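The next block holds one structure in the form of structure tokens; read it before the comments.
Model, not experiment: these values are computed from the prediction. All values below were derived from every heavy atom in this structure, side-chain atoms included, with hydrogens, water molecules and symmetry-related copies excluded. First listed ligand is number 1; within each ligand, the first listed atom is number 1.
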Amino acid sequence: MTGAAPNERRGPFITFEGGDGVGKSTQIARLAERLRAAGREVVVTREPGGSPGAEAIRALLVQGAADRWSARTEALLMFAARADHLERTINPARARGAVVLCDRFADSSMAYQGIAGALGREAVATLGALIVGADGPTLTFVLDASSQEGLKRAGARGDGDNRFEAKGAEYQERVRQAFLEIAKGAPERCVVINAARDIDTIADDIARITFERLGAA
Ligand code: TMP
């Protein structure tokens, strides 16, 4: 149960997707600042994680050896975390009209486990229909940059949450292509952003598109 409020009253749900180290969290912080300056309530969150239960599951996912989980188990853990995140954080925030900005969501499961990983598109789509249903994002920015550059930046963060980065450059390149495929399949929701440009230019693009969409909402 995800407890959806009537659609027209719900706050927008904006997700940021892309490979590791493409600059999602920087851009989320920039957009949050601009939305707050415009008087909107903003909830910034992330996946895996974003609620106490989902953060506990995150620790299982991002630490340990690259082969700790099979693609199937990994996807189930991701969706278990996502169910809790929707119930405890995202849906309540949207129900009171807040804008939710989320660092990764179900497109990441499709890209990492479904397309680049071994699980396949259909299984992830089935889990998505079951757990997310109509509670998915209203707008998604896919930050696109070379996986080489991304891995370098992600490694430089040095936070120890590097189980996915440890899967290697070839996997990361498959992930990049997977996100582009997902964006192509959902052009009304997804906007691909060239993330190889400077931070301010990217932030301006994202803010312009967001305010256009909010204005139309
Ligand atoms: P983060 O580094 O963006 O916090 O995410 C941790 C890793 O988890 C990242 O490499 C992407 C991966 N991931 C998946 O494989 N599937 C998912 O559904 C999500 C949300 C993240």
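- Among the atoms of D20, some N or O lies under 3.5 angstrom from an N or O of ligand 1.
- Residues F13 and F105 place their aromatic rings such that the two centres sit under 6.0 Å apart.
- Counting only distance, with no hydrogens or angles, the side chain of R68 and the backbone of Q63 share a donor-acceptor pair below 3.5 Å.
- Distances from atom 14 (C) of ligand 1 to the heavy atoms of K24, M78, E47 show the closest one on M78.
- The salt bridge (charged side-chain N to carboxylate O under 4.0 Å, His left out) contacts involving residues 108-119 comprise nothing, where partners must be two or more places apart or lie in separate chains.
- Of the polar atoms of R104, at least one N or O is found under 3.5 Å from an N or O of ligand 1, judged by distance alone.
- Of the polar atoms of D103, none of the N or O atoms is found under 3.5 Å from an N or O of ligand 1, judged by distance alone.
- Ligand 1 has no atom lying under 4.0 Å from any heavy atom of E74.
- Taking a cutoff of 4.0 Å between a charged side-chain nitrogen and a carboxylate oxygen, R121 and E181 qualify as a salt bridge.
- Atoms of ligand 1 found under 4.0 Å from any heavy atom of R58 (numbered from 1 in listed order, with element): 4 (O).
- Side-chain contact between I115 and M110: present, with at least one pair of heavy atoms (C-beta onward) separated by less than 4.5 Å.
- The residue R46 has no part lying near ligand 1, judged by heavy-atom distances below 4.0 Å.
- With a 6.0 Å cutoff to the six-membered ring centre and a 45° limit on the axis angle, R82 counts as a cation-pi contact of F79.
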